[in-house]
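Have a look at the structure below before the remarks.
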Protein chains: 2
Amino acid sequence: MLARVSSTPTFKRLPRAVREQQMLDAAVKVFSRRGFHAASMDEIADDAGISKPMVYAYLGTKEELFVACLHREGTRMMEAIAGAAAPDLPADERLWRGLRAFFGFVGAHRDGWAVLYRQARGEQPFAAELATMRGRLVEVVAGMLDHALRAKGREVGATDLEVVAYALVGATESLADWLADHPEADAEKTATRMMNVAWLGADQLLRGITWHPPAD
Amino acid sequence: MLARVSSTPTFKRLPRAVREQQMLDAAVKVFSRRGFHAASMDEIADDAGISKPMVYAYLGTKEELFVACLHREGTRMMEAIAGAAAPDLPADERLWRGLRAFFGFVGAHRDGWAVLYRQARGEQPFAAELATMRGRLVEVVAGMLDHALRAKGREVGATDLEVVAYALVGATESLADWLADHPEADAEKTATRMMNVAWLGADQLLRGITWHPPAD
DNA sequence: GCGTAACCTTACGCACGAGTAGGTATGCTC
DNA sequence: GAGCATACCTACTCGTGCGTAAGGTTACGC
């Protein structure tokens, strides 16, 4: 009823693929700002300049929508990292490039990634999804360490390796949180600090030994 | 209506202080298992063997209840750590004792702490609360590093110190998560691994240098 | 120029769960 | 053993927000 006074159609009809991206953009924005539960499908639809049933038609339920966000952002991040850390470099070089790519990504997608990430940790249905992604990262780091160790004819238990990798990934995520909360902070500098902690350790740092990025 | 067939009163009347603890126990359990939103006040009341209005009467709204949980668990943890790491020990010894106390605590309260922690990160209203607690931890670690540095006549910018501490705390939390998810894992061993990463760094570890707990 | 398919809307049903009203039993005090 | 405070209950209200039914409108093929 009261069929809109079609003076201007206000907005054009757009192909599905485009609308889906708009919706995902809006969803990421709203989910980050409000959190999964507090975010309402109405607000997301509104923010995307579209009505709610369209969101359901294209991306499914709220949970599915959130998973779609996670996937898109996660894939983007993984690509950013994978593209930076070639597997045939020495370990320190690889670690450095990976870290730089990671913090660069987070710095550029502050509210996008870091907050989605924080969200997903808590909510049961997504924790598994997230764990898979983190698992891939841990695997990469553990693989790197293993590779470096084998090159020296040394070997370490798989669990040890995994736990060390887990700690490194955790520290990195933690600094990513810090970066997301400090808009004035510099991504490159944060990566350098992370590299110092991860590569040298507290003992060396207390001795005044520091690591600096290569001239590149 | 249908006023309970008072054959057996089923459960005794208990003083407020006792009931409050029972409620908090139940709340921690349910919040951990379900997450803040998915947890229902009915289930918590049920689990505590009490009816819902009692929960409201004693601990207030759902949010207030959750904050009460956070406070109790957080305080317990802080006490466990503070009691272990005397401020006049050398840095490595202090770090080791703090880590051991921390992982010991998490190991003993797996579903209690770690999951409450995971929950609180995401939800807006509690993030601040949590940030304060983490802030205290970061402060302690940063203070420890600063103390050790000054003893050697060296000095470092406050931000650098804070970020390093932040990374260490993050890595530790991350391993705590890992520990909470691996019931078979040993807390002491996890603490040792963390110490290796934090104190020695990847470079040393790759060189085959390792750290071992003192005879104590 | 007309059918059909895809796009898009308004307006609603409905479940779920936080919080409460109002009443009953029990123990403690004098 | 009357009075009073505190412990405790059953059974509701009511907002909120997910998901959908049913119908309008635009583009495109033929």
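A note on names: the letters A, B, ... follow the listed sequences, proteins ahead of strands, and every chain is numbered from 1. As the structure is a prediction and not an experimental result, all values here were calculated from the model. All values below come from the heavy atoms of this structure, side chains included, with hydrogens, waters and symmetry mates left out.
Screening residues 57-85 of chain A for side-chain hydrogen bond (donor to acceptor under 3.5 Å, both in side chains) gives A:Q21-A:R72, A:D25-A:R72, A:H71-A:E129 as the qualifying pairs, with residues at least two apart or on separate chains.
For A:R16, the side-chain atoms get nearest to C:dC7 when compared with the rest of C:dC8, D:dC9, C:dC7.
In this structure, A:L65 places its CG atom 13 Å from C1' of D:dG19, rounding to the nearest Å. Taking atom CG of A:D46 as the reference point, atom P of D:dG17 lies 14 Å away to the nearest angstrom. Computed from coordinates, the A:I50 CD1 to C:dT10 P distance equals 11 Å when rounded to whole Å. Atom CG of B:L14 and atom P of C:dG27 are 11 Å apart (whole Å). Nucleotide C:dC7 holds its P atom 10 Å from the CE atom of A:M23, rounded to whole Å. Atom CE in A:M54 sits about 17 Å away from atom P in D:dG19, given to the nearest Å.
Among all heavy-atom pairs drawn from B:L205 and A:L149, the shortest one is O-CD2, 4.3 Å. Nearest approach of B:Q124 to A:R33, heavy atoms of both residues: OE1-O, 3.5 Å. In terms of heavy-atom proximity, B:R34 sits nearest to B:A39 at CB-N, 3.7 Å.
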#### Entry: B/S/- contact track for nucleotides 16-23 of chain C, protein heavy atom under 4.0 Å
--BBBB--
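Side chain B:R19 to base D:dA7: no donor-acceptor pair is found below 3.5 Å.
Counting only distance, with no hydrogens or angles, the side chain of B:R193 and the backbone of A:L161 share no donor-acceptor pair below 3.5 Å. Under the 3.5 Å distance criterion, the side-chain polar atoms of A:T172 are matched with a main-chain donor or acceptor of A:L168.
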